[in-house]
*Asks:* 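Handing you a structure now.
These values consider heavy atoms only, across backbone and side chains, with no hydrogens, waters or symmetry-generated copies. Each chain gets a letter, A, B and so on, in the order the sequences are listed, and its residues count up from 1.
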Protein chains: 2
Amino acid sequence: MPNPPTIKEIAKRLNLAASTVSRALHNHPRIGLRTRMKVQELARELQYEPNQTAIFFQQKKTFTLGIVLPELSEAFFSAAISGIEDAANKSNYMVLLGQSHDDTIREQKIVEIMKNHRVDGLLVSLAKNTVDYAHFEMLRKYNIPVVFFDRIPNMPNIHYVASNMESGTIQAVSLLLQRGHRVIGMINGPEKMIASQQRTAGYQKAMQLQRLKYDASLNVNADLTKEGTRHAMQQLLAHKRKITAIVAFNDYVSQDAVQYALEQGLEINKDITFVSYANLPLSSYMAFPPLASVEQYPYLQGQRATEILLELLSGKLAPDQYQQIVIDSRLVMAPGR
Amino acid sequence: MPNPPTIKEIAKRLNLAASTVSRALHNHPRIGLRTRMKVQELARELQYEPNQTAIFFQQKKTFTLGIVLPELSEAFFSAAISGIEDAANKSNYMVLLGQSHDDTIREQKIVEIMKNHRVDGLLVSLAKNTVDYAHFEMLRKYNIPVVFFDRIPNMPNIHYVASNMESGTIQAVSLLLQRGHRVIGMINGPEKMIASQQRTAGYQKAMQLQRLKYDASLNVNADLTKEGTRHAMQQLLAHKRKITAIVAFNDYVSQDAVQYALEQGLEINKDITFVSYANLPLSSYMAFPPLASVEQYPYLQGQRATEILLELLSGKLAPDQYQQIVIDSRLVMAPGR
DNA sequence: TAAATTTGCGCAACCGTTTGTCCAACTATT
DNA sequence: AATAGTTGGACAAACGGTTGCGCAAATTTA
């Protein structure tokens, strides 16, 4: 078989018009039962498969979703993409992939290429330094809907799905309080990050719930590097009040902090207890996993974002019904604790 | 702008034929410089972008590569896909994604959908229980080239890129021997897996190189579950010869084994030393990382596989010049060891 | 200056499918 | 039996771009 059979082929063999064959294959009521059967039988026999590229062209639709995100190999994103792919497949959409490597230029280029490939819609998690959103604004002109997830732009009138760190943080700090910890340190991220602010807010609210005083000196900002974490630990361990528990910005930070604590001769879960935020799918594989982790549900985020995009595409959702979904993070106990 | 400008638009505005515009945009020499300039200027002005779906249809080519693999969220695959995506983008190809979740039925379905989407070629890493290759044989009829990577089928006349665990294992065992270890345990995978056999072969050859005797009872097969690993550890630690080092099947197994050893009161890197195979990008974040890891270069595998596929597509490589690339694994020391 | 080339562009077909419209042949109504 | 209504299918255009061929005008060659 040099080239696959076409509708015209079938039409010729049965002395029918191409249009008739097309309708017969779609069970159009205007086509008689007899011819319908004949057509479908021959189609099966020839293993006819519609040429999707022709259909895409004709329908101006590709049943393809573009995904733009910083880095595939980060656990968070690969989980998210997994959710996206599953949701898309359920509706027979395919998924076109592009990673920005956290570079705005690459991000713009990918968006451009995807636009030319005529993806029906886009799912985007921003490169960390993207501040100019022209390449996304441009998509409006082409009526290509975009749903952002996790890393969302500071921009009005957009659809997005993101997680709120506050709720999980409240739970985390509350857990520690409940277990008797009174002096709780927090290794937070850069001050300007929304995610850091949410963690701080969560910490404060948890204290407030127990009518305890929030001590800002226990909450230190770090830069998420190993050195930054060690420095923060040093600061916390030197605090005039004796810290017995630490909320770490994420599992990477947590591990660095644990290591430092071990070096200082502290016993984990006895002298000092850690709670973290799950970036990794394998905290269960760590030698000293945190007592509990705040889960951000990347798979779910991807899935919800995709569902919204699909509803936008099917018309179930009007383009200006802006969906802004915030998924609450939640504390998850380490197995066996 | 309801719909993007087309070639016909430009033609009409300039009183030219569509064919002339098309050629002008492609810098066809038969078109005069003056008209060429005029066309290109107007095109720029209107922000003309060729409709790729039309081109795909016309050229019977989509500049799209399909990727089928078991699980995106596994570190190995997300690194591989990263390599694939980078290589593809370099040649202006896009990447269409599908995960089988290690289910053969899903794998077949994905291949079918990708065929209908007219991907130009496929990159595949098999679901672990796929034994029937009909869905791949079928692709030959449609002249859709396939390059397998990592998990390759047992099938003649295919292109593939895979890694050989033997070389890295030789290096791993040799390192331990050189450091004075004489009784080295191995927690291997299921006996029937090629990857397990390669590890065994590597172990044997390393011993042979030092004219030492290989003791099969030190090499135990496990099923890669946590329980299996604990059982294997139990077996090894009860060995009549005192084991001072262990080669673990992968980082997951390694962590479970470390945990068991700690429970038994052993001191890591003193009483017992571990060497592993890197599945995780973060052994540096483990509290007790292995002394060294055998690297399998997933990014490189993905990249090489993609390059081969692209050469196949560009005709640089004939379809029957079967490429069977084996990338040697290599021992990498943990930082600071 | 006539013939031969070259230059510059238009015409038309084509890729495979869908869909609006038209038409012939039946069938039913009175 | 003449008219109206229904049924089943054909025709053709359209989606946007590419490409082989033809043809006139401009240029070169003899």
*Asks:* Has Lys61(A) got its NZ or CZ under 6.0 Å from the middle of the six-membered ring of Phe56(A), at an angle within 45 degrees of the ring axis?
*Replies:* no
*Asks:* Within the structure, does a side-chain N or O atom of Ser19(A) lie under 4.0 Å from either OP1 or OP2 of dT19(C)?
*Replies:* no
*Asks:* Run Tyr299(B) and Asp86(B) through side chain to side chain donor-acceptor pair (under 3.5 Å) and show every step you take.
*Replies:* CA-CA 10 Å; Tyr299(B) 183 95; Asp86(B) 288 347; 2.6 Å; yes
*Asks:* Heavy atoms only, 4.0 Å cut-off, all strands: where does Tyr48(B) land among base, sugar-phosphate and nothing?
*Replies:* sugar-phosphate
*Asks:* Less than 4.0 angstrom between a side-chain N/O of Thr6(A) and OP1 or OP2 of dC15(C), yes or no?
*Replies:* no
*Asks:* Any carboxylate oxygen within less than 4.0 angstrom of a Lys/Arg side-chain nitrogen, looking at Lys60(A) and Asp120(A)?
*Replies:* no
*Asks:* Tell me: CD of Glu49(A) to P of dG16(C), nearest whole Å?
*Replies:* 15 Å
*Asks:* Measure from CD on Gln52(B) to P on dT18(D) and round the result to the nearest Å.
*Replies:* 9 Å
*Asks:* To the nearest angstrom, how far is Arg34(B) atom CZ from dG8(C) atom P?
*Replies:* 11 Å
*Asks:* May I ask you to verify whether the side chain of Arg30(A) and the base of dG9(D) hold a donor-acceptor pair under 3.5 Å?
*Replies:* yes
*Asks:* Identify which nucleotide among dT17(C), dC15(C), dG16(D) has an atom closest to any side-chain atom of Asn51(B), counting heavy atoms from C-beta outward.
*Replies:* dG16(D)
*Asks:* For Lys12(B) and dG10(C), what is the distance between atoms NZ and C1' respectively, to the nearest whole Å?
*Replies:* 16 Å
*Asks:* For the side chain of Ala54(A), counting heavy atoms from C-beta on, which of dG10(C), dG16(D), dG16(C) is nearest?
*Replies:* dG16(C)
*Asks:* Enter the inter-axis angle for the ends of the helix from dT1(C)-dA30(D) to dT30(C)-dA1(D) (five pairs per end, rounded to 10°).
*Replies:* 50°
*Asks:* What orientation do Phe148(A) and Phe136(A) show, parallel under 30°, tilted 30 to 60°, or perpendicular over 60°?
*Replies:* perpendicular
*Asks:* For the pair made of CG in Asn116(B) and C1' in dT17(C), what is the distance, rounded to whole Å?
*Replies:* 14 Å
*Asks:* Would you check if Phe57(A) stacks with the base of dT17(C), given a 5.5 Å centroid limit and a 30° plane limit, both strict?
*Replies:* no
*Asks:* Distance check needed: dC11(C) P versus Leu16(B) CG, whole Å only.
*Replies:* 11 Å
*Asks:* Please figure out whether His26(B) or Leu33(A) has its closest DNA chain D nucleotide nearer the 5' end.
*Replies:* Leu33(A)
*Asks:* Whole Å only: how far is the CZ atom of Arg36(A) from the P atom of dT7(D)?
*Replies:* 13 Å
*Asks:* Can you check whether any acceptor in the base of dG17(D) is under 3.5 Å from a donor in the side chain of Arg23(B), or vice versa?
*Replies:* no
*Asks:* Assign each of Gln59(A) and Gln58(B) to its nearest nucleotide of DNA chain C by heavy atoms, then name whichever residue's nucleotide is nearer the 5' end.
*Replies:* Gln58(B)
*Asks:* Of the nucleotides dG17(D), dT17(C), dG9(D), which one has an atom closest to the side chain of Thr35(A)?
*Replies:* dG9(D)
*Asks:* Are the side chains of Val161(B) and Ile327(B) in contact, using a 4.5 Å heavy-atom criterion?
*Replies:* yes
*Asks:* Any salt bridge between Lys38(A) and Glu41(A), counting N to O under 4.0 Å?
*Replies:* no
*Asks:* Rounded to whole Å, how long is the line connecting atom NZ of Lys8(B) with atom C1' of dC11(C)?
*Replies:* 13 Å
*Asks:* Quick check on dG16(C): is either OP1 or OP2 less than 4.0 Å from any side-chain nitrogen or oxygen of Lys60(B)?
*Replies:* yes
*Asks:* Within the pair Ser22(A) and dT18(C), is there a side-chain N or O less than 4.0 Å away from OP1 or OP2?
*Replies:* yes
*Asks:* I'd like to know whether the aromatic ring centres of Phe57(A) and Phe57(B) sit less than 6.0 Å apart in this structure.
*Replies:* yes
*Asks:* Any non-hydrogen side-chain atom of Glu49(B) less than 4.5 Å from a side-chain atom of Pro4(B)?
*Replies:* no
*Asks:* Could a donor-acceptor pair under 3.5 angstrom be found where the side chain of Arg118(B) meets the base of dG16(C)?
*Replies:* no
